[in-house]
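Step one of this worksheet: look at the structure below.
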4 protein chains.
Amino acid sequence: MPKLPSSSRSAAAGPAQDVPGRTPRNRRLPAHERREQILDAALHEFSERGFGAARMDDIAARAGLSKGGLYAHFGSKDAVFQALMQRMLLPSLLFDDRSPQAPARLSRTSLAAQVDGFLEGAYARLEDDRFIRTLHLLIAEGPRAPEAIAGWRADHLRLLHEQQAGMRRAVESGVMRDSALTEMVHLIHAPILLAAVLKMLQDDTHVSGILPRLRAAHRRLLLELLPPESG
Amino acid sequence: MPKLPSSSRSAAAGPAQDVPGRTPRNRRLPAHERREQILDAALHEFSERGFGAARMDDIAARAGLSKGGLYAHFGSKDAVFQALMQRMLLPSLLFDDRSPQAPARLSRTSLAAQVDGFLEGAYARLEDDRFIRTLHLLIAEGPRAPEAIAGWRADHLRLLHEQQAGMRRAVESGVMRDSALTEMVHLIHAPILLAAVLKMLQDDTHVSGILPRLRAAHRRLLLELLPPESG
Amino acid sequence: MPKLPSSSRSAAAGPAQDVPGRTPRNRRLPAHERREQILDAALHEFSERGFGAARMDDIAARAGLSKGGLYAHFGSKDAVFQALMQRMLLPSLLFDDRSPQAPARLSRTSLAAQVDGFLEGAYARLEDDRFIRTLHLLIAEGPRAPEAIAGWRADHLRLLHEQQAGMRRAVESGVMRDSALTEMVHLIHAPILLAAVLKMLQDDTHVSGILPRLRAAHRRLLLELLPPESG
Amino acid sequence: MPKLPSSSRSAAAGPAQDVPGRTPRNRRLPAHERREQILDAALHEFSERGFGAARMDDIAARAGLSKGGLYAHFGSKDAVFQALMQRMLLPSLLFDDRSPQAPARLSRTSLAAQVDGFLEGAYARLEDDRFIRTLHLLIAEGPRAPEAIAGWRADHLRLLHEQQAGMRRAVESGVMRDSALTEMVHLIHAPILLAAVLKMLQDDTHVSGILPRLRAAHRRLLLELLPPESG
DNA sequence: AATGAATGAGAGTTCATTCAT
DNA sequence: TATGAATGAACTCTCATTCAT
């Protein structure tokens, strides 16, 4: 029986040594750049292995310095995590402000264009590995960083409220129909979250097969329900 | 920067010692029962702390035996996790088969009833702590148990395919309208996943405030798009 | 690093599960037979893995009963070891009394015959796996069982003294020459010990190639030095 | 039956705590020196208790660092053992090259001198505790480190072949007699192995009483058989 | 700022031994 | 006697953190 070293490391996940010293040890980097490199490395390791299983050694190696050097920038593993959460959850990471709102005087054509702009932004973000990793980390380890999460929560609520208000105005001004979607903007975003979770759980080939169809159906949904009744 | 005591244990989760000897050490249980107890305990500990931070001691204590005794039933922490995933994902996790399908000859009334049945089942499950825990664990630690996940994937795909086929038949037979929802059943389920993720991330008071409104809007969405054109 | 299950078990030695339940669980065997079976199993496991690494489970399984059953016969792992040593070191395990001695009136012919008898016995024992295992165990773990070893020591000394006395008489009576070999009988046995140790350390093919040549040279040595000068 | 306390620890060997902090914790030693200290400590512990019963804590303590520090130098207990075997077996363990060979033009006097040199080296090594420990470890735990052993095997065979060839040349050039000893050099070394094994198994007082006599007889054996017939 | 040897508190795992059945 | 679930004390190994250099 081959000796499996420890059991707290997934057999499925490749060892971090496979990507040794991604950054080739640039000495004495400006502190700010180093912090960014470290947080990039931390995002990778945390989302790959989870907070508990990620090792400071691996984060340091991926950031191109030694474990000791890492501690010159962050006082603890938790500090790295908190800082990462802070950076991740800067406004509009999960949602940007391009979701269909209601600028004055909106022709149907421009509504379709706006929907397409929204979808383009949202589904493009799904292709960004960092976005998926971030969301995964948020879901998986969020409860570990309640304060950081609190910031995200507030942000998230504010954005949704703004969008909801915009919807309401759009309906009142007649550029959008009153529908389930304008009643709860959550419904507009739900398919994107679904897609993101699928990317976390299903294999890539299946997801990349489904994504375009999901996007098309999502577009159809929005264009079926958002435009005003007549025209 | 405040120094966190040990850093690898969540500050949010209370220590397991707070609930000592939950099961009062029933000696010599039939192996089958013990396994169930252990998996129950494991679900609790894993979802509370994550796989990495959960301790075999705590799982054992919660299951009412010693750590050594635990190892008589599962050869490793990973094995516990695998078995847990196996057991959890037997009944299709995210969906049951009550989502709106198309029995022959369906009046609009019965479609509404069917929609309500679907929503009732889905949103009731959201109130089940075990469901949320399980889904959280699936998302957070899924990649750790690729084989167990593979089973879930297959299940999930099969169910979706069946539902999609049902939708197609319903459209062809005229009991449902051709819409974004019938084109991609995913869109029907997306709001529920959104709700589940909100439950994981937002505080309970906010979520319980939103949930009924989300459910109402979800219902409205389905009833706006599913029924056939005429009526 | 692939996860190796435990580290205290040699990767080179096959797991004991490979030979599961060598004896097919005969229930309620006479105590004496069971003890013998257990000691056989223990000899195998101890010599294969060493005392420390041998497991009571494996010994029990090899003996055809459960761990609990084993403890009905021996109170502890040490007790098994002690009993094994006792049994192993019954007189003349390592040496028998056929080494060349001096019966009255010994022609040179019969000396050669006696040498051959001695060699036959000694080198035949080298082919006996149990002999090699026993000697290996004696060397490897002897210090663990000082009392058992004490018995062997006494035996060993007594036998050598007898042989030495026999040699002296043979020289005095003129049937053997006074030589290094008669001065120290140890020298007569040394090549056999060498062969045994080689069997423990070198690979079988090499040893089986060397053994006949060693035996021939050993024979030549004895016949060169033991017979009286003239004739 | 007297119950032995823990049973997996030899009653004969004193606990390592009796010699606490043998090395007074020199912090930050160069890695190379530390490795040597660790291997020294490992030789002691392994040979005292056997591989299985030796504890990493004790090895670390004896080497003057903490258990964790030990693992910075060797990845596992097995790795320590392998490295130890490697180091131990570099200089040919059992034989050096001073065994009687045949330099050109060798008078009988110088042959005797050469024999004495050989015996001096061999029996001096028997007084070296490290030699006995090493040999004991090789016999007792050799099968655990097949790769390390492979190196030793090759070495051992090479040395014997060279000696054998030297013997053949010595016989052909007439400086040695053709005898059992020149036919198989093993016979020359056998008494030394016997002495070593006796040191492992018999008590010191007995062995130190026998050793000089064995050495004398060994000398006599060589001088009786090696010199050429004439004189 | 950076390095990496060293620490030390666990955590996972093993296994001799016990004991209810 | 026999079974095998259960115990608990070790033991190996890990890793966040410290600190001499």
Side-chain angles (χ1 to χ4, degrees), chain A residues 3-9 25 27-31 34 52-58 60 65-73 75-78, chain B residues 3-4 6-9 25-31 34 52-58 60 64-73 75-78, chain C residues 4-9 25 27-29 31 34 52-58 60 65-73 75-78, chain D residues 3-4 6-9 25-31 34 52-58 60 64-73 75-78:
Chain A
K3 192 159 52 159
L4 294 174
S6 137
S7 95
S8 64
R9 198 148 303 280
R25 296 275 172 130
R27 293 204 151 208
R28 295 190 81 68
L29 231 54
R34 259 289 140 80
R55 287 172 304 200
M56 292 296 269
D57 291 84
D58 291 344
L65 37 48
S66 73
K67 195 166 27 173
L70 173 51
Y71 274 89
H73 293 276
S76 72
K77 194 182 182 184
D78 271 289
Chain B
K3 191 155 54 165
L4 294 172
S6 167
S7 118
S8 66
R9 195 145 307 281
R25 295 278 171 127
N26 306 322
R27 283 196 149 216
R28 279 197 87 65
L29 233 52
R34 256 295 136 75
R55 288 172 303 203
M56 292 299 266
D57 290 271
D58 291 344
L65 39 47
S66 70
K67 190 166 40 166
L70 172 51
Y71 275 90
H73 295 276
S76 69
K77 195 181 181 183
D78 273 294
Chain C
L4 297 173
S6 136
S7 101
S8 64
R9 197 145 306 280
R25 296 274 171 130
R27 295 206 152 208
R28 295 192 80 69
L29 230 55
R34 260 289 141 81
R55 287 172 304 199
M56 292 297 268
D57 292 83
D58 291 344
L65 37 49
S66 72
K67 196 166 27 171
L70 173 51
Y71 275 89
H73 294 277
S76 71
K77 193 182 183 184
D78 272 289
Chain D
K3 191 155 56 166
L4 293 172
S6 167
S7 118
S8 65
R9 196 146 306 280
R25 295 280 171 126
N26 305 323
R27 285 196 146 214
R28 281 196 85 67
L29 233 52
R34 257 293 136 77
R55 289 172 305 202
M56 292 299 266
D57 290 270
D58 291 345
L65 39 45
S66 70
K67 189 169 36 171
L70 171 52
Y71 275 90
H73 295 276
S76 70
K77 195 181 181 183
D78 272 294

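All chains are named by letter (A, B, ...) in the order of the sequence lines, taking the proteins before the strands, and each is independently numbered beginning at 1. Side chains included, hydrogens not; waters and symmetry mates left out as well; all remaining heavy atoms used.
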- Item | Pairing stems for DNA chain E [at least three consecutive pairs; Watson-Crick or G-U; under 3.5 angstrom] | E:2-21 with F:2-21

Once you round it to whole Å, what is the distance between [atom2] of [N] and [atom1] of [X]?
{"X": "C:H73", "N": "F:dA2", "atom1": "NE2", "atom2": "C1'", "value": "9 Å"}
{"X": "C:L70", "N": "E:dA16", "atom1": "CG", "atom2": "P", "value": "10 Å"}
{"X": "D:M56", "N": "F:dT14", "atom1": "CE", "atom2": "P", "value": "10 Å"}
{"X": "B:D58", "N": "E:dA11", "atom1": "CG", "atom2": "P", "value": "8 Å"}
{"X": "C:K77", "N": "F:dA10", "atom1": "NZ", "atom2": "C1'", "value": "13 Å"}

- Item | Non-hydrogen atoms of B:K77 and B:Y71 that approach each other most closely | N-OH, 4.4 Å

- Item | Considering all heavy atoms, the nearest C:L70-C:M56 contact | CD2-O, 3.6 Å

Please pick, from [options], the nucleotide with the shortest atom-to-atom distance to any side-chain atom of [X].
{"X": "C:S66", "options": "E:dA6, E:dT13, F:dT3", "result": "F:dT3"}
{"X": "D:R55", "options": "E:dG12, F:dT3, F:dT12", "result": "F:dT12"}
{"X": "A:R34", "options": "E:dC15, F:dT7, E:dA2", "result": "E:dA2"}
{"X": "B:D57", "options": "E:dA6, F:dA2, E:dG12", "result": "E:dG12"}

- Distance-only, no hydrogens or angles: does the B:K67 side chain make a donor-acceptor pair with backbone N or O of B:R55 under 3.5 Å? no

- Taking for each residue the nucleotide of DNA chain E bearing the nearest heavy atom, is the 5' side occupied by C:G68 or by A:A72? A:A72

- Query: Is the phosphate of F:dT17, meaning OP1 or OP2, less than 4.0 Å from a side-chain N or O of A:Y71?
  - Reply: yes

- Message: Quick check on E:dT21: is either OP1 or OP2 less than 4.0 Å from any side-chain nitrogen or oxygen of B:R28?
- Response: no

- Message: Looking at the base of F:dT17, is there any donor atom on it, or on the side chain of A:K67, that sits under 3.5 Å from an acceptor on the other one?
- Response: yes

